[in-house]
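Report on the structure given below.
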2 protein chains.
Amino acid sequence: MQLSEKDQSFVYHFGEMGSKWGFNRTVGQIYALLVISEDALSANDLASALSISRGNVSMGMKELQSWQLVQVSHIPGDRKEYYSAIGSVWDMANRVFQERRKREVDPTLTVLRNLLLEEPKSDSEEYAQQKMQDIHDLLEMLTDWAAELQSLSPQQLGTLMKLGAGVSKVLSVKEQLFNKNKDNS
Amino acid sequence: MQLSEKDQSFVYHFGEMGSKWGFNRTVGQIYALLVISEDALSANDLASALSISRGNVSMGMKELQSWQLVQVSHIPGDRKEYYSAIGSVWDMANRVFQERRKREVDPTLTVLRNLLLEEPKSDSEEYAQQKMQDIHDLLEMLTDWAAELQSLSPQQLGTLMKLGAGVSKVLSVKEQLFNKNKDNS
DNA sequence: TTAAACTTTCAGAAATTACTGAAAGTTTGT
DNA sequence: ACAAACTTTCAGTAATTTCTGAAAGTTTAA
């Protein structure tokens with residue numbers, strides 16, 4: 001398989017970027033190629049298009065499957081497996097966020113919670129502990145909120161984001177609402 | 001310098017995590033140590049506490065300075081430079097987000113914009129281009145929104161996040177507001 | 001049961017990234 | 001101008017990560 005120049009730019013760039021988003025260059029390239037390919041591709045297609053070994057493709061697909069980013073399908077009369085990217089671009093972003101949270105943030109929260117169980121024994125430990133608490137609280141808030149956002153429909157999310165500068169305006173509205181409710185209760 | 005067991009857990013764990021957040025293990029450890037140290041530390045303090053070479057500390061500090069995460073200070077009568085972490089945990093998170101956006105998302109947007117300038121020449125190019133467009137739009141929306149959030153005060157941000165499940169409720173209120181305004185104009 | 005057509009695994013090699021420590025550079029005081 | 005007290009740089013080395021390709025494993029069909 002031969003890539004067009006445009007596809008190559010895209011695929012190579014996402015290889016570089018992919019490595020910053022939690023998987024390595026090759027895995028990034030495989031995924032990029034699957035995303036822009038209308039038809040599902042076989043492992044051999046991927047290996048030849050990207051000039052990498054068959055074994056490397058196999059390992060890459062395993063990784064992408066663990067991120068739940070790809071789908072396997074079959075063509076009748078053909079024994080090969082065919083791969084394609086799963087879902088919309090939104091779905092993809094959600095998956096990546098979720099997976100990164102699970103792999104990076106959750107273990108940190110666990111470590112922090114354990115450290116925070118012990119009482120500080122000196123002023124400097126007190127200071128350190130306070131910082132750990134701050135980081136814990138921040139991470140917890142961010143993950144809770146991210147989960148919240150993921151429960152919204154893409155439609156709602158779109159509305160929320162397009163709101164842009166309006167967020168603070170809406171916040172003040174919320175404030176009024178909240179107070180009104182308080183009076184009522 | 002000798003680290004307490006608790007500090008060690010924290011520092012080592014953040015070494016591992018730091019490497020997922022854009023800098024390497026050692027840089028992560030240096031930063032973690034600075035965050036939980038009430039007093040500023042010299043390069044030698046850092047080298048001995050983490051058992052790394054003096055040269056490595058120097059390179060690490062350069063990196064942290066490029067992220068604008070640390071501050072240099074001096075003690076009268078002492079020629080050494082003393083380092084400390086800058087700002088609150090919120091500030092730190094902001095810096096990291098901002099810097100990662102600049103290093104990872106912005107270059108991707110540039111590449112995508114260039115690729116999107118050309119007209120697709122076939123159906124499969126059409127499909128690929130549409131995917132690139134979707135990714136572009138998503139990234140642009142996310143970065144615009146992130147910038148928006150960063151312009152809010154920590155106070156407002158806190159309110160927004162604590163809102164949690166309430167976000168969708170607020171959204172519908174916003175909808176009503178918006179419609180009312182439309183009627184008025 | 002054999003073989004063809006595939007996929008997966010994994011030991012060793014290649015590529016990349018990080019680290020050390022000696023040398024060079026800088027600043028300050030005398 | 002010199003030297004002491006520091007910091008930075010960078011060539012070479014060490015550690016880590018990624019990749020290859022041959023061998024082992026799996027599935028299907030006859």
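Each chain gets a letter, A, B and so on, in the order the sequences are listed, and its residues count up from 1.
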Original post:
Given D:dT7, D:dA4, C:dC6, which nucleotide is nearest the side-chain atoms of A:Arg79?
Top reply: C:dC6
Subject >> Proximity to the side chain of A:Asp78 - top-ranked nucleotide from D:dT28, C:dC6, C:dT27 >> reply: C:dC6
Taking 4.0 Å as the cut-off, does a side-chain nitrogen or oxygen of [X] come that near to OP1 or OP2 on [N]?
| X | N | answer |
| --- | --- | --- |
| B:Arg25 | D:dT16 | yes |
| A:Asn24 | C:dT16 | no |
| B:Thr26 | C:dC19 | yes |
| A:Arg54 | C:dC6 | no |
| A:Asn44 | C:dC6 | no |
| A:Lys62 | C:dT9 | yes |

Original post:
Cationic tip of A:Arg100 within the cone over A:Trp67's six-membered ring, i.e. under 6.0 Å and within 45° of the normal?
Top reply: no
Atom pair distance, as rounded to whole Å: [atom1] in [X] and [atom2] in [N]:
| X | N | atom1 | atom2 | value |
| --- | --- | --- | --- | --- |
| B:Met59 | D:dG12 | CE | C1' | 13 Å |
| A:Asn56 | C:dA13 | CG | C1' | 14 Å |
| A:Glu16 | D:dT18 | CD | P | 13 Å |
| A:Glu63 | D:dT18 | CD | C1' | 12 Å |
| A:Lys80 | D:dT26 | NZ | C1' | 16 Å |
| B:Ile75 | D:dA5 | CD1 | P | 17 Å |
| A:Phe23 | D:dC19 | CZ | P | 13 Å |
| A:Ile30 | C:dT7 | CD1 | P | 13 Å |

Subject >> Given A:Asn114, A:Ile135, A:Thr143, the one that forms side chain to side chain contact (heavy atoms under 4.5 Å, CB included) with A:Leu109 >> reply: A:Thr143
**OP:** List the steps, then state whether side chain to side chain contact (heavy atoms under 4.5 Å, CB included) holds for B:Arg25 with B:Gln29.
**Re:** CA-CA 6 Å; B:Arg25 181 146 79 291; B:Gln29 290 179 356; 3.8 Å; yes
Subject >> Linked hydrophobic residues, A:Tyr82 as query - side chain contacts closer than 4.5 Å >> reply: A:Ile75
**OP:** Using atom types as modelled and distance alone, determine if a side-chain donor or acceptor of B:Asp91 lies under 3.5 Å from a backbone N or O of B:Ser88.
**Re:** yes
